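Here the structure is a predicted model, which is why all the values come from computation and not from measurement. Reminder, nothing fancy here: chain letters follow the sequence lines and each chain counts from 1.
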Amino acid sequence: MPLPSFTDDFPAWYQEVVRQADLAENSLVRGTMVIKPYGYALWEAIRDALDLRFKETGHQNLYFPLFIPLRLLEREKEHVEGFAPEFAMVTHAGGEELGEPLVVRPTSETIIWDTYAKWVQSYRDLPLLYNQWANVVRWELRPRLFLRTTEFLWQEGHTAHETEEEAWEEARRMLEAYRQVAEDVMAMPVFLGRKTPAERFPGAVETFTIEALMRDRKALQAGTSHYLGQNFAKAYGVQYLGRDGEQHFAEATSWGASTRLVGGLIMAHGDEKGLRLPPGVAPIQVVVVPIFRNDEERGRVLGETERLAESWRAVGLRVKVDDRDDLRPGYKFADAELRGIPVRVEIGPRDLDASQVTVVRRDTGAKSAVGMDAAATTLTALQDEIQRSLFDEALAFREAHTTRVGSYDELRDAIEDPGGFVFGGWCGDAVCEAKVKAETKATIRFLPFEPEPTAGPCVVCAQAAVDTAAWAIAY
RNA sequence: CGGGGCGUAGCGCAGCCUGGUAGCGCGCGUGCUUUGGGAGCACGAGGUCGCGGGUUCGAAUCCCGCCGCCCCGACCA
């Protein structure tokens with residue numbers, strides 16, 4: 001089945017890619033999804049890349065329960081108000097109405113900090129550098145596979161520190177971990193910055209974000225890291241005896257990234273033919289399609305194909321031989337393209353006669369003949385080349401869709417065309433922020449860490465700017 | 001919750017206005033021929049027509065009620 005054109009109808013294209021490439025499908029309860037093996041493999045690759053960086057920075061995994069007593073959530077006022085509309089609550093269990101409703105976690109700060117209160121007595125107990133891989137539930141009105149589902153998989157890091165400085169460093173360190181995974185593994189360039197108070201995590205003092213640009217020119221928040229100050233420590237009574245002999249509240253951070261990243265991966269690189277996966281996350285890096293016309297050729301080709309595939313696996317490539325008996329090569333080519341496999345190798349009688357294989361890049365479509373002996377080296381080098389090339393292409397696309405403006409008219413125009421990110425001065429007033437949102441649907445995605453001196457006055461009200469803001473229409 | 005639309009085979013749809021015993025494409029199964037860009041032919045399997053009630057000799061079709069889903073408006077990884 002051909003895909004809908006992604007320039008004409010991007011949402012339809014997205015939905016069909018997810019379906020046809022066997023990534024996921026909707027399940028019975030609205031907003032819930034079944035993640036299928038190929039889609040889950042993408043998540044595993046992202047998860048492993050993140051987990052590796054968490055461990056490298058000294059974190060350990062642990063696990064907290066799914067259910068949280070409602071009263072526990074209510075202790076941090078801003079936090080509970082922020083999440084209350086999205087709660088899924090359990091009111092009945094064991095055949096009776098519960099004395100106290102249980103909230104299915106929308107995030108775990110509350111139960112974790114309530115527990116940390118028992119674990120933290122002294123400065124010697126700090127820092128706590130913990131992370132959990134879990135599912136969470138936020139009741140969604142407008143679900144979309146991977147991008148916004150009622151239940152999703154994610155990781156949430158929750159750390160406790162002795163000093164404010166340490167906690168700020170932690171929040172920035174984990175933002176950097178997200179940047180690395182997005183850019184170096186997923187080949188998805190991201191901007192880093194702070195959120196405005198309106199877009200901040202409920203209960204946070206500061207929220208940092210990585211923001212990516214999708215091929216329909218909409219922005220995607222791809223990961224967030226929060227400096228929580230002492231808000232949760234105070235609400236849940238996490239105090240320690242300090243080096244100075246006094247009681248102090250612990251300093252906190254939290255940080256999360258979710259299965260939404262799979263959606264970002266699809267939308268950052270996809271094209272008219274389907275997915276284009278960077279080798280860093282591709283479950284299959286090389287697909288081999290054997291070609292033959294009769295039983296004699298079949299035996300010859302399949303034998304050689306398996307031998308070559310094994311030699312490529314031996315150098316560390318993830319190789320799959322598409323030996324499905326009932327499908328013709330043309331179908332397999334299209335199928336491999338749909339699934340975004342970075343490199344396709346065709347091996348047929350003509351190749352065998354010339355001691356070569358035919359190599360086709362998914363990202364550019366370029367086809368070349370490579371001698372069998374050199375193939376392992378060539379294929380390995382190609383993975384790096386494609387990884388880099390996808391990143392460069394995405395970066396060029398983002399640069400072509402990033403504008404700097406000095407007035408409200410320019411802002412409006414730039415949101416329409418070229419779309420993407422629009423940088424301009426901002427006075428810091430939520431009224432100006434809300435006005436832009438109401439009139440253009442664009443929100444402030446982030447405030448860059450380094451304000452741009454050229455940004456000029458607030459593009460909305462012309463008062464003095466205190467920040468540069470990056471506006472975009474977002475998912 | 002306000003506005004618009006849709007429920008018929010695994011998926012996408014036609015049939016409904018003008019009642020007469022359910023059809024098309026894709027997919028699925030078997031066989032033969034095919035195989036370097038999404039194969040062809042033949043045969044075949046598969047349906048409580050969203051649910052309940054009513055009108056009628058007869059309802060996917062007409063009437064009443066209900067349920068569910070999708071799209072557009074206020075929040076969110």
Visitor: Under the criterion side chain to side chain contact (heavy atoms under 4.5 Å, CB included), which of Arg445(A), Arg260(A), Glu211(A) is the partner of Leu220(A)?
Guide: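 The option that passes is Arg260(A).
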Visitor: Checking base pairs now: Watson-Crick or wobble, both atom distances under 3.5 Å. What partners U55(B)?
Guide: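 The answer is none; no pair meets the criterion.
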Visitor: If we ignore angles and hydrogens, is there a donor and acceptor under 3.5 Å between the side chains of Trp13(A) and Asp216(A)?
Guide: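 Distance-only check fails for Trp13(A) and Asp216(A).
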Visitor: Both distances below 3.5 Å, Watson-Crick or wobble geometry, any strand: find the nucleotide opposite U48(B).
Guide: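 Base partner found: none.
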Visitor: Do Phe152(A) and the base of A77(B) stack face to face, with centres under 5.5 Å apart and an angle between planes under 30°?
Guide: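 Stacking between Phe152(A) and A77(B): present.
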Visitor: May I ask which nucleotide in the shown strands pairs with G37(B), Watson-Crick or G-U wobble, both distances under 3.5 Å?
Guide: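 Base-paired to nothing in any strand shown.
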Visitor: What is the nucleic acid contact for Asn294(A), judged by heavy atoms within less than 4.0 Å: base, sugar-phosphate only, or nothing?
Guide: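 Asn294(A): no heavy atom of the nucleic acid under 4.0 Å.
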Visitor: Base, sugar-phosphate, or nothing: which does Leu220(A) touch, judged by heavy atoms less than 4.0 Å apart?
Guide: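 Leu220(A): no heavy atom of the nucleic acid under 4.0 Å.
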Visitor: Would you please confirm or rule out a distance under 4.0 Å between OP1 or OP2 of A39(B) and any side-chain N or O of Lys332(A)?
Guide: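 Checking Lys332(A) against A39(B): no side-chain N or O falls below 4.0 Å of OP1 or OP2.
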Visitor: NA contact type, Glu211(A), heavy-atom cut-off 4.0 Å: base, sugar-phosphate, or nothing?
Guide: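 Result for Glu211(A) = nothing.
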Visitor: When the P atoms of C41(B) and G54(B) are compared, how many Å lie between them, rounded to an integer?
Guide: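 The answer is 48 Å between these two P atoms.
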Visitor: Starting at the 5' end of RNA chain B, which residue's closest nucleotide do you reach first, Pro202(A) or Asp325(A)?
Guide: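 Per heavy-atom nearest nucleotide, the more 5' residue is Asp325(A).
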Visitor: Need one value for Lys273(A): base, sugar-phosphate or nothing, where a base atom within 4.0 Å counts as base even if backbone is also close, heavy atoms only.
Guide: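 No contact.
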Visitor: If you measure from the C1' atom in C49(B) to the same atom in G38(B), how many Å do you get, rounded?
Guide: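 After rounding to an integer number of Å, I get 33 Å for this pair.
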Visitor: Starting at atom CZ of Phe201(A), determine the distance to atom P of C75(B), rounded to an integer number of angstrom.
Guide: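 Those two atoms, CZ and P, are 18 Å apart.
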Visitor: For a quick check, tell me whether the side chain of Glu337(A) and the base of G37(B) share a donor-acceptor pair closer than 3.5 Å.
Guide: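 Flag set: donor-acceptor pair detected.
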Visitor: If you look at every strand shown and take non-hydrogen atoms under 4.0 Å, does Arg298(A) touch a base, only sugar-phosphate, or nothing?
Guide: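 It contacts nothing in the nucleic acid.
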Visitor: Have a look at Glu86(A) and say if it touches a base, only the backbone sugar-phosphate, or nothing, with a 4.0 Å heavy-atom cut-off.
Guide: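 Here Glu86(A) touches the backbone only, sparing every base.
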Visitor: Could you tell me the Watson-Crick or G-U partner of A42(B), where both distances fall under 3.5 Å? Say none if there is no partner.
Guide: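 A42(B) is paired with U30(B).
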Visitor: At under 4.0 Å between heavy atoms, what does Thr358(A) touch on the DNA or RNA strands: base, sugar-phosphate, or nothing?
Guide: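 Base, at least one base atom sits under 4.0 Å.
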Visitor: For Tyr331(A) and Asp326(A), does a side-chain donor sit closer than 3.5 Å to a side-chain acceptor?
Guide: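 Checked: Tyr331(A)/Asp326(A) side chains show no N/O donor-acceptor pair below 3.5 Å.
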Visitor: Now, which nucleotide makes the Watson-Crick or G-U wobble pair with G19(B), with each of the two distances under 3.5 Å?
Guide: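 Across any shown strand, G19(B) pairs with none.
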Visitor: So what does Gly256(A) touch, heavy atoms closer than 4.0 Å: a base, only the sugar-phosphate, or nothing?
Guide: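 No contact.
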Visitor: To the nearest 0.5 angstrom, please state how far the CZ atom of Arg362(A) sits from the CG atom of Asp271(A).
Guide: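 One finds 4.0 Å between CZ of Arg362(A) and CG of Asp271(A).
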Visitor: So, does the side chain of Asp335(A) form a donor-acceptor pair with the base of G38(B) at under 3.5 Å?
Guide: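 It does not, because no donor-acceptor pair links the side chain of Asp335(A) to the base of G38(B) below 3.5 Å.
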Visitor: When we call it a touch if two heavy atoms are under 4.0 Å apart, what does Thr150(A) touch: a base, just sugar-phosphate, or nothing?
Guide: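 Nothing, no heavy atom under 4.0 Å.
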Visitor: Could you tell me which nucleotide pairs with G73(B) by Watson-Crick or G-U wobble geometry, both distances under 3.5 Å, or answer none if nothing does?
Guide: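 Checking every strand shown, G73(B) finds its partner in C1(B), with both distances under 3.5 Å.
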Visitor: Side chains of His226(A) and Thr207(A) only: does a donor on one sit below 3.5 Å from an acceptor on the other?
Guide: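 There is such a pair (donor and acceptor under 3.5 Å, judged by atom type) between the side chains of His226(A) and Thr207(A).
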Visitor: Compute both the distance and the angle, then confirm whether Arg398(A) meets the cation-pi test with Phe191(A): under 6.0 Å from the six-membered ring centre, within 45 degrees of the axis.
Guide: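 Ring-cation test returns yes.
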Visitor: Base, sugar-phosphate or nothing for Pro106(A)? Non-hydrogen atoms, less than 4.0 Å.
Guide: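 The residue Pro106(A) makes no contact with any strand.
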Visitor: Can you find a donor-acceptor N/O pair under 3.5 angstrom joining the side chain of Arg328(A) to the base of G40(B)?
Guide: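 For Arg328(A), whose side chain was compared with the base of G40(B), there is no donor-acceptor pair (under 3.5 Å).
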